[in-house]
Amino acid sequence: MSSHPVLPVLDQLARVIGATTPQQDTAPTPCAELDVVSLRRHLLGGIGYFTVVLADPDGDRRPDPRAYTGPDGAEVLVAAIGDLSAAVRAALADGIESASVRVPALGGTFPGDHVLNMLVAEAVVHGWDVARATGQAWRPDPVASERAYALLADQIKPEYRGGAGMPFAPEVPVGPDAPALDRLLGFAGRSPHWTPTATPTHTSTHTSTPMPGTEHG
C-alpha cells in the first residue's frame with residue numbers, strides 16, 4: 001500500500017479536534033462567521049462526502065457536503081475522521097492514486113492523487129484554523145503543506161478572490177522564504193499571525209474548493 005501525507009495530517013486533525021472543549025465551541029476561528037462548532041459541522045459535511053467518494057470512486061451516490069444536519073460534537077468529528085482515514089487506506093491499497101475519481105461537487109472526474117491532495121489542503125488549513133482558535137499547536141509535515149499549496153495555486157484563480165459572492169478572500173502577502181505552512185495560509189487568504197482577538201482576513205461562503213463545501217479564501 002502506498003503511503004500518503006494525508007494520513008498523518010488526518011491523525012493530527014483528529015487529535016486537535018479531540019482536544020477541544022465544549023467551552024470553546026463559540027470561539028471565533030480564522031474562517032470569518034464560523035465559530036469552532038460551525039467549523040466542525042462544516043468539516044463533517046466535507047469529510048463525510050470524501051469518505052463516500054473514496055469508498056466508491058466510480059459511484060453515483062454522493063451526499064451534499066453542505067447539507068450536513070447530524071450531531072456535531074467533537075467526538076462525532078473524531079469518529080468521522082477515523083472513518084475517512086480507513087477509507088483512504090483502503091483506497092490506497094486499491095491503487096487510488098492512479099485511478100479516476102468522480103467528484104461531481106467539484107464539477108467532474110479527477111485523478112485520485114489530486115483528490116487526496118484536496119484532503120491534505122482541507123486538513124492542513126482547517127486543522128490550523130481549529131488549533132489557532134483553541135490555543136493548540138499545529139505542526140504538519142512541510143511536505144503536506146507544500147502539496148496543499150501546489151493544489152491551491154493550481155485551482156485558485158485571481159477572479160475567484162474578493163468581492164461579494166466570491167469563494168476566496170484576497171491573498172495575504174507572505175515572504176517567499178517563509179515556512180511552507182505560512183505560505184499556504186497566506187495563499188488561502190489567512191494571516192499566519194491571526195489570533196482570536198484579531199480582525200479576520202478571510203471570508204467563507206462554503207462552495208467547493210479544494211473540498212466540496214469548503215473555502216480557503
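Values below: all heavy atoms of this structure, side chains included; hydrogens, waters and symmetry mates excluded.
- A chain of hydrophobic side-chain contacts below 4.5 Å, direct or via other Ile, Leu, Val, Met, Phe, Trp or Tyr residues, connects Leu10 to Val103.
- Note that CG of Leu152 and CZ of Arg147 are 14.0 Å apart. Values are rounded to the nearest 0.5 Å.
- You'll find the side chain of Ile96 stays beyond 4.5 Å of the side chain of Val115, heavy atoms only.
- The minimum heavy-atom distance linking Trp128 with Ser191 is given by the pair CH2-O, 3.4 Å.
- Between Val172 and Arg190, every side-chain heavy-atom pair lies at or beyond the 4.5 Å cut-off.
- For Thr109, the side-chain hydrogen bond (donor to acceptor under 3.5 Å, both in side chains) test picks out no residue, with sequence neighbours left out.
- With hydrogens and angles left out, the side-chain atoms of Asp113 and His4 include a donor and acceptor closer than 3.5 Å.
- Shown here are the salt bridge (Lys or Arg N to Asp or Glu O under 4.0 Å) partners of Arg132, two or more places apart in sequence or in another chain: there are none.
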Could you list the donor-acceptor pairs under 3.5 angstrom formed by side chains in residues 67-77, with sequence neighbours left out?
{"unit_1": "Tyr68", "atom_1": "OH", "unit_2": "Pro71", "atom_2": "O", "d": "2.5"}
{"unit_1": "Asp72", "atom_1": "OD2", "unit_2": "Arg41", "atom_2": "NE", "d": "3.0"}
{"unit_1": "Asp72", "atom_1": "OD2", "unit_2": "Arg41", "atom_2": "NH2", "d": "2.4"}

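- Between Ala178 and Arg183, the shortest heavy-atom contact is O-NE, 3.0 Å.
- When all heavy atoms of Thr26 and Gln23 are compared, the closest pair comes out as OG1-O, 4.3 Å.
- Considering CD of Gln155 and CG of Asn117, their distance stands at 9.5 Å, rounded to 0.5 Å.
- In this structure, Val101 is a member of the same hydrophobic cluster as Phe50, with clusters built from ILVMFWY side-chain heavy atoms closer than 4.5 Å.
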All N/O donor-acceptor pairs, side-chain side in residues 135-145, below 3.5 Å, sequence neighbours left out:
{"unit_1": "Gln136", "atom_1": "NE2", "unit_2": "Val16", "atom_2": "O", "d": "3.0"}
{"unit_1": "Gln136", "atom_1": "NE2", "unit_2": "Thr134", "atom_2": "OG1", "d": "3.0"}
{"unit_1": "Trp138", "atom_1": "NE1", "unit_2": "Val124", "atom_2": "O", "d": "3.1"}
{"unit_1": "Asp141", "atom_1": "OD1", "unit_2": "Val143", "atom_2": "N", "d": "2.9"}

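- Here side-chain hydrogen bond (donor to acceptor under 3.5 Å, both in side chains) pairs that include residues 52-64, with residues two or more places apart or in two chains, are Asp60-Arg102.
- Remark: Asp11 engages Arg15, Ser85, Arg89 in a side chain to side chain contact (heavy atoms under 4.5 Å, CB included) (not counting sequence neighbours).
- To the nearest 0.5 angstrom, Leu119 atom CG is 10.0 Å from Leu151 atom CG.
- Contact check for Val174 versus Leu185: no side-chain heavy atoms found under the 4.5 Å cut-off.
- To the nearest 0.5 Å, atom CD1 of residue Ile81 and atom CG of residue Leu13 are 3.5 Å apart.
- A donor-acceptor contact shorter than 3.5 Å links the side chain of Asp35 to the backbone of Ser38.
- Cluster membership check: Val130 does not share its hydrophobic cluster with Val37, using side-chain heavy-atom separations under 4.5 Å among Ile, Leu, Val, Met, Phe, Trp and Tyr.
- Checked against side chain to side chain contact (heavy atoms under 4.5 Å, CB included), Pro63 has the following partners two or more places apart in sequence or in another chain: Tyr49, Val52.
- In this structure, Val125 is not a member of the same hydrophobic cluster as Val36, with clusters built from ILVMFWY side-chain heavy atoms closer than 4.5 Å.
- The shortest heavy-atom contact between Val78 and Ala14 is CG2-O, 3.6 Å.
- Legend: residues meeting side chain to side chain contact (heavy atoms under 4.5 Å, CB included) with Ala150, ordered by chain and number and at least two apart, are absent.
- Taking the side chain to side chain contact (heavy atoms under 4.5 Å, CB included) definition, one finds that Pro28 meets it with Pro196, sequence neighbours left out.
- Here Asp25 pairs with Arg40 under the salt bridge (Lys or Arg N to Asp or Glu O under 4.0 Å) rule; sequence neighbours left out.
- Rounded to the nearest 0.5 Å, atoms CG (Leu39) and SG (Cys31) are 5.0 Å apart.
- Residues Leu84 and Leu54 meet the side-chain proximity criterion, which asks for heavy atoms closer than 4.5 Å.
- Among residues at least two apart or in separate chains, ring pair (Phe, Tyr, Trp, His ring centres under 6.0 Å) pairs with a member in residues 86-114 are Phe110-His114.
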